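Taking it in order: structure first as structure tokens, then the write-up.
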Amino acid sequence: MFTEIFSPVQKIAFTPFNHLSVKRDDLIDPYISGNKWRKLKYILAKARAENKTQLVTFGGAYSNHLVATAAAAARSGLKATAFVRGEMVKNEMLLLCSLFGMELIFTDRESYRNKHQLFENHFANNAEAYFIDEGGASAEATFGCAEIIGELTETYDHIFCAAGTGTTATGLLKGIQQQQLPAKLHVVPVLKGGGFIAEEIARYTTINKQLALHLDYHFGGYAKTTPELIHFIKTFTGQTGLLLDPVYTAKMFYAICDLEKKGQIHRNDRILAIHTGGLMGLFGMQDKF
Ligand SMILES: *Cc1c(COP(=O)(O)O)cnc(C)c1O
């Protein structure tokens, strides 16, 4: 399942840009979406190499990572368990997790903080259980994300991605450095106080001038939106035919437009946006539209 993928680079017509392209990782798979596919590729390879049969991971009730892990486990003949942050709820994402056979353990916020302790408490005697951190954050995940850069056949002035843990951004920067590309990597954290992402990236690779972190596009914080962001999504999707999710990719595309208005990038620059998928995030936000 981690062999053939369809993720073309498509040029889109969005005013005022003349060379705006999108790497369509959102087309890789509906459930193992975008960067979650990239991240799980080498995580699952490692789990398999260590003869693990059960994936154990962590996430909120609307986590793309949980759905992706559930689907990937089912297709690989592995069992999966997730510790879900907060009280027991039902929603579209968790329904998919359950259908893929994932066991869900709802966990109060206090206990959820210590993930290694939770793993110990439940799986200390299970040598076949494999710990996957929240969002899939790991060195293996960065290897998979670096491959996005290896697939490019053109060069760009600017490459943009949205960031949660910063693992995808780390992989992209590593890829850019390995291929010695001139492109600048623009990272748009979707959480408030996203400065920690620089430290996350520095754990795996050397930060250089090619990295730009844009900390002012969180719109109030993780999974927070404003009427302005929702309006932007409607305009963008109406003009381009590309769907965005309010949690990640909308904030990235908004940043691209705003940085052009501020003169930090130019409408004639060659720009590549990584569409990291996550469109099921729309389901939890119906009332915002
Ligand atoms: C999980 C996710 C991200 C964040 O990726 P990180 O590697 O955690 O920074 C970005 N975009 C989408 C659509 C996601 O689902």
Side-chain angles (χ1 to χ4, degrees), residues 1-7 25 28-61 63-85 93-107 111-151 164-168 170-172 174-175 178 200 203-205 276-278 280:
M1 97 187 213
F2 286 109
T3 48
E4 299 156 36
I5 56 165
F6 181 67
S7 172
D25 266 16
I28 293 178
D29 190 282
Y31 310 111
I32 313 173
S33 159
N35 65 341
K36 301 305 183 285
W37 188 95
R38 303 283 183 180
K39 292 168 96 171
L40 285 167
K41 180 176 178 182
Y42 291 106
I43 292 175
L44 262 70
K46 185 158 183 243
R48 220 177 276 121
E50 295 181 8
N51 295 316
K52 306 291 187 185
T53 59
Q54 179 160 11
L55 308 178
V56 179
T57 195
F58 308 83
S63 165
N64 294 323
H65 166 71
L66 291 192
V67 177
T69 305
R75 289 187 215 172
S76 310
L78 300 169
K79 287 194 272 184
T81 297
F83 291 94
V84 186
R85 185 181 58 237
M93 311 283 274
L94 295 175
L95 168 64
L96 289 171
C97 291
S98 297
L99 287 174
F100 286 122
M102 180 178 250
E103 174 196 21
L104 303 176
I105 304 177
F106 292 92
T107 309
S111 319
Y112 184 86
R113 270 189 210 119
N114 197 338
K115 303 187 179 64
H116 287 278
Q117 189 61 52
L118 281 173
F119 184 79
E120 275 304 303
N121 292 350
H122 289 77
F123 296 97
N125 300 319
N126 185 345
E128 296 187 359
Y130 189 78
F131 178 97
I132 303 176
D133 210 342
E134 190 173 36
S138 59
E140 289 72 34
T142 68
F143 306 153
C145 295
E147 290 183 349
I148 296 171
I149 300 296
E151 291 167 14
T165 63
T167 313
T168 303
T170 304
L172 292 171
K174 273 170 58 169
Q178 282 158 2
E200 184 64 16
R203 283 176 58 190
Y204 299 103
T205 189
T276 39
M280 286 182 297

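Since the model is a prediction, treat every value here as computed from it, not as a measurement.
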Can you find a heavy atom in the side chain of [X] that is under 4.5 Å from one in the side chain of [Y]?
X: His122; Y: Thr81; result: no
X: Tyr31; Y: Lys36; result: no
X: Phe131; Y: His116; result: yes
X: Met102; Y: Thr57; result: yes
X: Val84; Y: Phe106; result: yes
X: Leu95; Y: Leu99; result: yes
X: Ser138; Y: Asp133; result: no

(message) Just to verify, which of Asp25, Asn35, Thr142 counts as forming a side chain to side chain donor-acceptor pair (under 3.5 Å) with Thr168?
(response)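 Passing option: Asn35.
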(request) I would like to know whether Phe100 and Thr69 meet side chain to side chain contact (heavy atoms under 4.5 Å, CB included); could you show each step before the answer? (result) CA-CA 9 Å; Phe100 286 122; Thr69 305; over 6 Å; no
(request) Give a yes or no on whether Lys115 atom NZ has more than 12 heavy-atom contacts from other residues, nucleotides or ligands under 6.0 Å away. (result)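 Yes, enclosed.
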List, one per line, each side-chain donor-acceptor pair under 3.5 Å for residues 41-50, sequence neighbours excluded.
| from | atom 1 | to | atom 2 | distance (Å) |
| --- | --- | --- | --- | --- |
| Lys41 | NZ | Glu147 | OE1 | 2.8 |
| Tyr42 | OH | Glu147 | OE2 | 2.3 |

Grab the two heavy atoms, one from [X] and one from [Y], that are nearest each other, plus how far apart they are.
X: Ala82; Y: Leu66; answer: CB-CD2, 3.7 Å
X: Phe58; Y: His65; answer: O-CD2, 3.6 Å
X: Ser7; Y: Ile28; answer: CB-CG1, 4.1 Å
X: Gly60; Y: Tyr112; answer: N-OH, 4.3 Å
X: Ala73; Y: Leu55; answer: CB-CD1, 3.9 Å
X: Gln178; Y: Ala146; answer: OE1-CB, 4.3 Å

(message) Does either side chain, that of Asn64 or that of Ser33, offer a donor lying less than 3.5 Å from an acceptor on the other one?
(response)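 Side chains of Asn64 and Ser33: no pair found under 3.5 Å.
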(message) Could you check whether Glu200 and Thr170, counting side-chain N and O atoms only, form a donor-acceptor pair closer than 3.5 Å?
(response)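 There is no such pair (donor and acceptor under 3.5 Å, judged by atom type) between the side chains of Thr170 and Glu200.
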(request) Could you grab the distance from atom NZ of Lys79 to atom CD of Glu128, nearest 0.5 Å is fine? (result)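 Answer rounded to 0.5 Å: 8.0 Å.
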(request) Find the distance between CZ (Arg85) and OG (Ser63) and round it off to the nearest 0.5 Å. (result)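 With rounding to 0.5 Å, CZ (Arg85) is 8.5 Å from OG (Ser63).
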(request) Check whether any side-chain N or O of Ser76 sits under 3.5 Å from a backbone N or O of Leu78 as a donor-acceptor pair, and report yes or no. (result)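 No, because the side chain of Ser76 does not come within donor-acceptor range (under 3.5 Å) of the backbone of Leu78.
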(message) Strictly distance-based, threshold 3.5 Å: is any side-chain N or O of Thr276 a donor or acceptor partner for the main-chain N or O of Gly34?
(response)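 No, the answer is negative, given that no donor and acceptor are paired below the 3.5 Å cut-off.
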(message) Checking side-chain contact (heavy atoms from CB on, under 4.5 Å) between Ile32 and each of Arg75, Arg38, Lys39, which is the one that passes?
(response)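 Only one option passes, and that is Arg75.
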